[in-house]
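First up is the structure itself, then whatever we jot down about it.
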Number of protein chains: 2
Amino acid sequence: MPHFKSQKDDRPYSPPKPLYEQVKSYVLKNMESGEWPAYFQLPSEHTLVREMGISRMTIHRALRELTQAGYLERIQGVGTFVAAPKKQPKTLELREIEDVISGHGGRHQCDVHFLQEEPIEKDAAALMAMTPGKGVYRSYFVHRDNGLPVMLEDRYVSPQFMPEYLEMEFTHMTADTHLSRKFALLSHSHVIQAAVSNAEINHFLELEATTACIVINRKSWLGEDVVSAARLVFPGNRIQLT
Amino acid sequence: MPHFKSQKDDRPYSPPKPLYEQVKSYVLKNMESGEWPAYFQLPSEHTLVREMGISRMTIHRALRELTQAGYLERIQGVGTFVAAPKKQPKTLELREIEDVISGHGGRHQCDVHFLQEEPIEKDAAALMAMTPGKGVYRSYFVHRDNGLPVMLEDRYVSPQFMPEYLEMEFTHMTADTHLSRKFALLSHSHVIQAAVSNAEINHFLELEATTACIVINRKSWLGEDVVSAARLVFPGNRIQLT
DNA sequence: GAGTGGTCTAGACCACATT
DNA sequence: ATGTGGTCTAGACCACTCT
């Protein structure tokens, strides 16, 4: 039987992990090793108190936090169980272009090619859930990493939600950041495709030849309403998403 | 001054919220109303104990949970503060290929082109954190949607963690699903690139001409160890990630 | 009734930061 | 020295489930 409290005594210079963290590690270790498989009923709090010599509140905190994190399931009056193998969603975090660039020490710069109000075309109207022909704000940016173009941003913005869009400053803050600042509860949906560059993309991204590009279509929602829709084009040979 | 404990007495039939939940609501209400703006320093635990007539452990639990949820920031020896407006990460959920296909009513099918042990080459060894030349399991699958190839899966698997890999069945369950079933605590990291198809990819995906493809490099981790690394190639004109 | 988890308390000691 | 948050205890009462 291991000594759970030993760290307090014998290693005064290694920062001792809190007891509740030790309990969490102990449980996770048993889960990793396969000792406690899915649906396994853990020893009761009272049993752990006895076996580990730790007070119930501390045991309870450890188990509660593991439950909040999704590792365990607890049923009052019944017991504590290893959670069913969660079909865990594999998520990819899309970082802001500025963060990607500054993350490897690059200098971010944004060219505004145009920024205007225009009547919205049919395709974009469907995207924005607007009626075709109504006025929409449209912007065309090229983002550069130490001068090299790494992203083309073709964006529609709803005048209703962001009437000040045409007057904003984009050289030091991206449109995405502006939107997130204004609307704390903004949510996003994405569609990712691959495509080869056409003449327009080659021109704006200063590509010499046809190149494979990642295209991210991002919609930004405020509840049921679309605030903005953007097409982000990354030349595949100059950048990778991680 | 409101009576925080009153629910216990006067409303025996409405389930009284736990005290720590009441404290959390109290704090959130002050944040929402603008009374406690970003960076505002909250009353100390001791002050809240006095003002609310609730024990410190309970106050502490409420503030700790709000901190874990990102609403507050706590600095030992200094105080508790309303967190800065968080710039929320934009995440993309990568669904399993089977789910994508069955999601639009397609029939998923998986061809095993090979499944063998081989000495690991230098590049792959770095990927898997193995020593070059050691044995590794390698598989080459083509996933089809109603017969049409939609993904090439080139995968390395660590024999140490999954010695049974060569004997498994992949026509009705993907390697990813097998891995997730076996290891509940598997985590993943991804790198996404765009590339044009080469002769090999054209052959396996039955492409007529050079095509832009999305390439997802997925590493599956068990703590610090790499259990598997896969290169997933999607022809950009046949599928889109969402 | 016995066993489980959920909450709460009053006090304690500690690590850390500021004055 | 004072005030802050971080942890831990020993015990209590409760709600719930199962037998």
Side-chain angles (χ1 to χ4, degrees), chain A residues 3-9 11-27 36 39-83, chain B residues 3-9 11-27 36 39-83:
Chain A
H3 294 291
F4 294 98
K5 289 185 164 181
S6 62
Q7 287 200 23
K8 272 197 172 167
D9 310 322
R11 288 247 171 236
Y13 286 101
S14 76
K17 270 211 302 188
L19 282 179
Y20 73 91
E21 287 291 352
Q22 294 181 41
V23 176
K24 286 168 73 172
S25 300
Y26 171 73
V27 172
W36 294 354
Y39 309 109
F40 177 82
Q41 176 164 9
L42 272 65
S44 71
E45 293 191 351
H46 179 249
T47 306
L48 289 172
V49 165
R50 255 191 298 105
E51 289 185 354
M52 304 183 78
I54 294 176
S55 85
R56 191 179 156 222
M57 275 302 280
T58 303
I59 297 283
H60 181 78
R61 173 173 175 181
L63 298 182
R64 172 158 40 82
E65 292 190 355
L66 289 175
T67 303
Q68 285 168 344
Y71 294 110
L72 302 177
E73 281 199 13
R74 317 198 74 188
I75 308 174
Q76 193 174 106
V78 181
T80 303
F81 304 85
V82 175
Chain B
H3 294 292
F4 293 99
K5 286 185 167 181
S6 62
Q7 288 201 23
K8 270 198 174 168
D9 310 323
R11 288 246 172 236
Y13 286 102
S14 76
K17 270 210 302 188
L19 283 178
Y20 73 90
E21 286 291 353
Q22 293 181 42
V23 177
K24 286 168 75 172
S25 301
Y26 171 73
V27 172
W36 294 354
Y39 309 110
F40 176 83
Q41 176 166 9
L42 271 65
S44 73
E45 293 190 352
H46 180 249
T47 306
L48 289 171
V49 165
R50 255 192 297 107
E51 289 184 354
M52 305 182 76
I54 294 175
S55 84
R56 191 182 155 219
M57 275 302 280
T58 303
I59 298 282
H60 181 77
R61 173 172 175 183
L63 298 182
R64 171 159 41 81
E65 292 190 356
L66 288 176
T67 303
Q68 285 168 344
Y71 293 109
L72 302 177
E73 282 200 9
R74 318 198 74 189
I75 307 173
Q76 194 174 111
V78 181
T80 303
F81 305 85
V82 175

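Below, read A as the first sequence line, B as the second, and so on, with proteins coming before strands; counting in each chain starts at 1. Note that these values count all heavy atoms, side chains included, but never hydrogens, waters or copies made by symmetry. Here the structure is a predicted model, which is why all the values come from computation and not from measurement.
One interatomic measurement links the two molecules: CZ of B/Arg64 to C1' of C/dC8, which rounds to 13 Å at whole-angstrom precision. A/Lys17 places its NZ atom 12 Å from the P atom of D/dT7, with the value rounded to the nearest Å. Atom CG of A/Leu63 and atom P of C/dT7 are 13 Å apart (whole Å). Rounded to an integer number of Å, the gap from CD of B/Gln68 to P of D/dG6 is 11 Å. As rounded to whole Å, 16 Å separates atom C1' of C/dG5 from atom CD of A/Glu65. Taking atom CZ of A/Phe81 as the reference point, atom P of C/dG3 lies 16 Å away to the nearest angstrom. Nucleotide C/dG5 holds its P atom 9 Å from the CG atom of A/Leu42, rounded to whole Å. The distance from atom CG of A/Leu19 to atom P of D/dG6 is 16 Å, rounded to the nearest whole Å.
Judged as a side chain to side chain contact (heavy atoms under 4.5 Å, CB included), and not counting sequence neighbours, the contacts of B/Ser25 are B/Lys17. Residues satisfying the ring-ring contact (aromatic ring centres under 6.0 Å, His included) test with A/Phe40, not counting sequence neighbours, are A/Trp36. Under the salt bridge (Lys or Arg N to Asp or Glu O under 4.0 Å) criterion, A/Arg64 pairs with B/Glu65, not counting sequence neighbours.
Side-chain atoms of B/Arg61 lie closest to C/dT7 of the nucleotides D/dG5, D/dT7, C/dT7. Among the nucleotides D/dC8, C/dC8, C/dG5, the one closest to any side-chain atom of A/Thr80 is C/dG5.
Applying the 4.0 Å criterion to OP1 and OP2 of D/dT4, one finds that B/Arg74 has every side-chain N and O outside that range. Phosphate contact (OP1/OP2 of D/dG5, side-chain N/O of B/His60, threshold under 4.0 Å): absent. Applying the 4.0 Å criterion to OP1 and OP2 of C/dC8, one finds that B/Tyr20 has every side-chain N and O outside that range.
Residue A/Ser55 comes nearest to A/Val49 through the heavy atom pair C-CG2, 4.0 Å, listed as atom of the first residue, atom of the second, then distance. Pairing each heavy atom of A/Leu72 with each of A/Val82, the nearest pair is CD2-CA, 4.0 Å.
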statement: B/S/- along nucleotides 10-19 of chain D (protein heavy atoms under 4.0 Å) is BBB--BBB--
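Screening residues 69-81 of chain B for salt bridge (charged side-chain N to carboxylate O under 4.0 Å, His left out), with sequence neighbours left out, gives B/Glu45-B/Arg74.
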message: Pairs counted only when both distances fall under 3.5 Å, Watson-Crick or G-U: show me the 5' to 3' dot-bracket for DNA chain D, [ ] for pseudoknotted crossings and | for other-strand partners.
response: ||||||||||||||||||.
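Of the inter-residue distances, the one linking A/Arg61 atom CZ with A/Arg56 atom CZ reads 15.5 Å to the nearest 0.5 angstrom. Put simply, CE on A/Met57 and CE on B/Met57 are 4.0 Å apart, with the number rounded to the nearest 0.5 Å. Rounded to the nearest 0.5 angstrom, A/Met52 CE and A/Thr58 OG1 are separated by 10.5 Å.
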